[in-house]
Amino acid sequence: MIKITFPDKNVREYNEGITGMEIAKSISHGLANDVLAVSVNGEIWDLSRPINSDAEIKFHKWDDAEGKHAFWHSSAHLMAEALEAVYPGVKLGIGPSIENGFYYDIDLGEGRSISDADLPKVESKMAELAKTKSSYNRRDVPKSEALKYFTEKGDPYKIELITDLADGTISFYTQGNFTDLCRGPHLPDTSYIKAIKLLSVAGAYWRGNEKNKQLTRVYGITFPKQKMLDDYLVMLEQAKLRDHRKVGKELELFTFSQKVGQGLPLWLPKGAKLRELLENFLKKVQKEYGYEQVITPHIGQKELYVTSGHYEKYGKDSFQPIRTPQEGEEFLLKPMNCPHHCEIYKSKPRSYKDLPVRMAEFGTVYRYEQSGELHGLTRVRGFTQDDAHLFCRPDQIKEEFIKVIDIIFRIFKALDFKDYIAQVSLRDPNNKEKYIGSDENWEKAERAIIEAAQEKGLNTVVELGEAAFYGPKLDFMIKDAIGRKWQLGTIQVDYNLPERFDLEYMGADNQKYRPVMIHRAPFGSMERFVAVLIEHTAGKFPLWLTPDQVVIMPISEKFNDYGKKVLNFLNNSDIRTLLDDRNEKIGKKIRDNELKKIPYLLIIGEKEEAGELVSVRKQGEGDKGSMGLNEFAEFIKNEIAKQLQEI
RNA sequence: GCUGAUGUAGCUCAGGGGUAGAGCACUUCCUUGGUAAGGAAGAGGUCAUGGGUUCAAUUCCCAUCAUCAGCUCCA
């Protein structure tokens with residue numbers, strides 16, 4: 001008998017050689033139905049693999065990442081089997097599961113290609129194979145036999161993969177007529193795969209190296225239920241409708257010009273308004289937390305970045321130096337604000353009593369991103385960081401982190417981001433020489449971050465080895481309204497720049513000390529943040545932030561004069577209001593202004609003019625009845641105050 | 001940067017070796033209306049840019065630029 005320990009520390013005894021599936025069945029019928037894979041002492045196994053000694057186990061179902069991994073990985077094998085059936089002689093590369101589905105890299109051979117139009121053929125072959133309920137059988141083979149198998153099959157990519165593997169045994173998985181080299185784990189059989197959609201075809205270099213041959217990558221996704229696939233496809237459609245490039249154009253927020261240059265966004269009046277409102281909001285919050293605004297130029301001497309180390313590390317990713325014609329001095333478009341801020345710190349002697357010094361700037365920086373990387377507002381060559389640098393004593397790190405977390409929470413609330421993850425990135429304890437700074441400092445800073453996160457009750461994941469070389473960091477990821485994750489703000493400790501710029505402060509003991517620097521940007525960049533906000537809200541911004549809050553729509557031109565009166569009144573009450581005095585019927589005005597996503601539409605006609613009223617229509621919700629003009633203005637101000645947590 | 005696709009009116013797109021097309025938006029006129037598209041007329045384009053082939057190129061070929069997808073990268 002062997003002892004099996006469950007996650008709740010419960011222990012049961014089973015016969016040696018029992019499988020995960022048999023254990024699941026012994027617990028409940030429902031579990032046996034849902035389970036997809038099992039962790040055995042932390043390693044993920046097939047449900048059919050015998051367990052021969054005491055073990056801690058955990059079952060994985062669809063709702064955890066490991067369960068999905070087994071499902072999609074098995075689906076990749078099924079797709080490979082279908083591809084071999086439809087395209088005989090196809091050579092296979094790798095076929096992993098990814099965050100949403102799976103892919104397989106294939107080489108169709110000279111003169112053959114596959115396009116989106118060919119995917120349904122492969123899909124139906126997969127469905128046919130899935131129905132055969134073939135089990136995924138694991139088999140350990142010696143390396144030599146593995147090589148022999150793929151040599152006979154004539155699959156050069158697999159041979160290369162096996163050759164690179166350590167000597168010893170290699171696991172093979174077979175389902176139906178298909179055998180693949182694979183670590184596993186896999187589903188019990190193919191019938192689990194009920195809904196299949198192949199999504200796209202793209203090129204990808206063998207092993208991600210552009211010097212290698214380009215293979216064809218086929219992307220797909222599968223689900224245990226048809227309904228789940230249907231929902232997923234609806235979500236993809238939704239994502240398309242929310243695409244910030246599309247919405248940004250429709251709402252006239254920003255544009256690009258081939259003549260200005262790629263990756264250089266032009267903010268249109270409405271987008272600029274939105275950005276200004278965001279910036280003012282953050283400035284106001286930061287002022288409460290003791291930040292001071294500074295302003296620095298867009299260029300700096302090359303020497304500045306040599307000192308900071310950015311030139312050596314990122315020189316090739318910067319715009320090339322500008323030379324002055326007379327002196328031949330070299331200047332860089334600034335890729336970072338921190339070196340400038342270090343020089344501001346150095347502009348006068350600092351005492352321990354002055355710390356922390358908190359310097360904020362909406363600093364525009366320029367980076368030469370590779371042309372293929374540019375994407376809407378999320379990846380651009382010129383962007384504005386909501387940057388700030390906190391210069392503090394080592395013992396102040398934790399408190400400063402707590403304050404930054406508070407600021408980030410304020411933002412999340414004001415913008416209705418409800419779902420987030422905070423990632424704490426620490427150094428790799430086995431690879432300490434990669435990092436600058438003393439052990440003592442690192443331990444202090446890492447402890448400070450973890451404690452700050454705990455005190456604030458953050459929903460945290462810790463990643464070892466993800467820290468920057470100059471210090472640990474805390475990153476915030478939000479989940480948007482349709483469940484996609486976006487990386488946003490970051491807080492980073494930096495021991496490097498204070499060292500390089502020789503920053504100092506005078507201690508109480510009349511000795512000089514080195515301050516610690518904290519970089520932080522709650523939005524990340526204005527460009528990227530606005531993009532995320534557009535995709536999160538689908539362009540329906542919160543009332544306090546939206547460029548146009550109210551539009552007045554007279555029933556006919558006879559009421560345009562009253563419309564102007566209402567317009568003046570609301571604008572004078574600091575409510576951003578437009579008047580739609582076009583010669584159009586009310587239905588048309590409603591439609592057009594709904595499409596512009598203006599939160600409140602006011603209809604005015606004879607009744608309203610007579611009683612100093614407005615008839616209120618809320619975006620997406622329809623008629624709300626009429627209100628006095630004063631009453632409406634108060635109502636709007638109240639709504640905004642609520643959103644900004646000011647009451 | 002690499003591979004592939006795309007580039008036609010402000011927007012969304014059709015077309016095709018020989019006067020350039022639609023819908024929406026825009027302008028003017030008619031209409032003056034009560035909660036998601038009233039009607040009519042008009043204006044608008046070096047068909048991304050530069051070369052080449054051709055009697056003739058927006059269309060075919062080459063290059064460049066930009067956009068999109070994927071790969072690689074991201075202080």
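Reminder, nothing fancy here: chain letters follow the sequence lines and each chain counts from 1.
- Salt bridge status for A:Glu400 with A:Arg358: present, with a side-chain N to carboxylate O gap under 4.0 Å.
- Summarising the base pairing, B:rG44 is matched to no nucleotide, lacking a Watson-Crick or G-U wobble pair whose two defining distances lie under 3.5 Å.
- Taking atom C1' on both nucleotides, B:rC60 is separated from B:rU72 by 35 Å, rounded to a whole Å.
- Around the NZ atom of A:Lys197, the shell of radius 6.0 Å holds no more than 12 heavy atoms that belong to other residues, nucleotides or ligands.
- Comparing A:Arg245 and A:Tyr470 by the nucleotide of RNA chain B whose heavy atom lies nearest to each, the residue mapping closer to the 5' end is A:Arg245.
- Across every strand in view, B:rU19 sits unpaired, with no contact that passes the Watson-Crick or G-U test at under 3.5 angstrom.
- Checking B:rG33, B:rA75, B:rC71 against the side-chain heavy atoms of A:Ala204 singles out B:rC71 as nearest.
- Judged by Watson-Crick or G-U wobble contacts below 3.5 Å, the nucleotide B:rU53 has no partner.
- A:Ser75 and A:Thr222 share a side-chain donor-acceptor pair at under 3.5 Å.
- Which of B:rG38, B:rU35, B:rC74 sits closest to the side chain of A:Ser615 comes down to B:rU35.
- Across the strands present, B:rC73 finds no partner; the criterion is a Watson-Crick or G-U wobble pair with both atom distances under 3.5 angstrom.
- For A:Lys249, the listed nucleotide lying nearest its side chain is B:rC11; candidates were B:rC11, B:rA75, B:rU72.
- One cannot find a donor-acceptor pair under 3.5 Å joining the base of B:rA66 and the side-chain atoms of A:Gln262.
- Between the P atom of B:rC11 and the CD atom of A:Glu250 lies a distance of 12 Å, rounded to the nearest Å.
- The partner of B:rU59 cannot be assigned: no Watson-Crick or G-U wobble pair with both contacts below 3.5 Å exists in any strand.
- At a threshold of 4.0 angstrom between heavy atoms, the contacts of A:Lys607 include nucleobase atoms, whether or not backbone atoms are also involved.
- Spacing between atom CG of A:Leu215 and atom C1' of B:rU72 amounts to 15 Å, rounded to whole angstrom units.
- No contact: A:Asn593 has no heavy atom under 4.0 Å from any strand.
- For the P atom pair drawn from B:rA56 and B:rC65, the interatomic distance equals 29 Å after rounding to whole Å.
- Salt bridge annotation for A:Asp118-A:Lys121: present, with a cationic side-chain nitrogen under 4.0 angstrom from a carboxylate oxygen.
- Side chain A:Glu373 to base B:rU72: a donor-acceptor pair is found below 3.5 Å.
- Of all nucleotides listed (B:rA36, B:rG33, B:rC73), B:rG33 comes nearest to the side chain of A:Lys585.
- The minimum heavy-atom distance between A:Asn212 and A:Arg207, with the atom names listed, is ND2-CB, 4.1 Å.
- Rounded to an integer number of Å, the gap from CG of A:Leu241 to C1' of B:rU12 is 14 Å.
- Between A:Tyr435 and the choices A:Tyr495, A:Tyr470, A:Trp442, the ring pair (Phe, Tyr, Trp, His ring centres under 6.0 Å) rule is met once, by A:Trp442.
- Remark: A:Asp105 engages A:Arg217 in a salt bridge, criterion side-chain N to carboxylate O under 4.0 Å.
- Using a 4.0 Å heavy-atom cutoff across all strands shown, A:Arg617 reaches at least one base atom of the nucleic acid.
- With hydrogens and angles ignored, a donor-acceptor pair closer than 3.5 Å exists between the side chain of A:Arg379 and the base of B:rC74.
- Nearest to the side chain of A:Gln258, among B:rG34, B:rG1, B:rC65, sits B:rC65.
- The side chain of A:Asn583 lies closest to B:rU31, out of B:rA75, B:rU31, B:rG1.
- Of the candidate nucleotides B:rG1, B:rC74, B:rA36, B:rA36 has the atom nearest to the side chain of A:Arg591.
- Here the side chain of A:Arg582 is nearest to one of B:rA36, B:rA75, B:rC26, namely B:rC26.
- Regarding contacts with the backbone of B:rC71, a side-chain N or O of A:Arg217 is found under 4.0 angstrom from either OP1 or OP2.
- The partner of B:rG33 cannot be assigned: no Watson-Crick or G-U wobble pair with both contacts below 3.5 Å exists in any strand.
- Only the P atoms considered, B:rG21 is 27 Å distant from B:rC55, to the nearest whole Å.
- Separating the CD1 atom of A:Ile555 from the C1' atom of B:rU32 is a distance of 10 Å, rounded to the nearest angstrom.
- Taking atom CG of residue A:Leu377 and atom C1' of nucleotide B:rU67, one finds them 15 Å apart after rounding to whole Å.
- An OP1 or OP2 oxygen of B:rU35 is reached within less than 4.0 angstrom by no side-chain nitrogen or oxygen of A:Lys589.
- A:Glu608 comes within contact range of at least one nucleobase, with a heavy-atom separation under 4.0 Å.
- The residue A:Phe256 sits apart from the nucleic acid: no heavy atom pair falls under 4.0 Å.
- To the nearest 0.5 angstrom, A:Phe401 atom CZ is 5.0 Å from A:Ile491 atom CD1.
- Proximity of A:Lys558 to the phosphate of B:rU31: no side-chain N or O atom is located under 4.0 Å from OP1 or OP2.
- Among the atoms of the strands shown, none is found under 4.0 Å from any heavy atom of A:Ser200.
- Among the heavy atoms of the strands, none lies under 4.0 Å from A:Lys313.
- As the counterpart of B:rA5, B:rU67 is assigned, both hydrogen-bonding distances of the Watson-Crick or G-U wobble pattern falling under 3.5 Å.
- Separating the CG atom of A:Asp475 from the C1' atom of B:rA75 is a distance of 13 Å, rounded to the nearest angstrom.
- Residues A:Lys564 and A:Asp581 are not paired through a salt bridge, judged by the lack of any N-O separation under 4.0 Å between the basic side chain and the carboxylate.
- Remark: A:Tyr219 is in phosphate contact with B:rC71, judged by side-chain N or O atoms under 4.0 Å from OP1 or OP2.
- For the pair A:Leu602 CG and B:rG34 C1', the interatomic distance rounds to 14 Å; values are reported in whole Å.
- Straight-line distance from the CG atom of A:Asp623 to the C1' atom of B:rA36: 13 Å, rounded to whole Å.
- Within 4.0 Å (heavy atoms only), A:Asp592 reaches no atom of the nucleic acid at all.
- Residue A:His375 is in sugar-phosphate contact alone, with no base atom involved, counting any heavy-atom pair closer than 4.0 Å across all strands shown.
- A:Gly605 comes within 4.0 angstrom of a base, heavy atoms only.
- A salt bridge links A:Glu361 with A:Lys334: the closest approach of a Lys/Arg side-chain nitrogen to an acidic carboxylate oxygen falls below 4.0 angstrom.
- Using a 4.0 Å heavy-atom cutoff across all strands shown, A:Ile586 reaches sugar-phosphate atoms only and no base atom.
- Base-pair partner of B:rC24: B:rG10 (Watson-Crick or G-U wobble, both distances under 3.5 Å).
- Positionally, the nearest nucleotide of RNA chain B for A:Gln214 lies more toward the 5' end than for the other of A:Ser318 and A:Gln214.
- Nucleotides B:rC26 and B:rU12 are separated by 16 Å at their C1' atoms, to the nearest Å.
- With hydrogens and angles ignored, no donor-acceptor pair under 3.5 angstrom links the side chain of A:Glu557 to the base of B:rG33.
- Comparing the C1' positions of B:rG7 and B:rG42 gives an interatomic distance of 29 Å, to the nearest angstrom.
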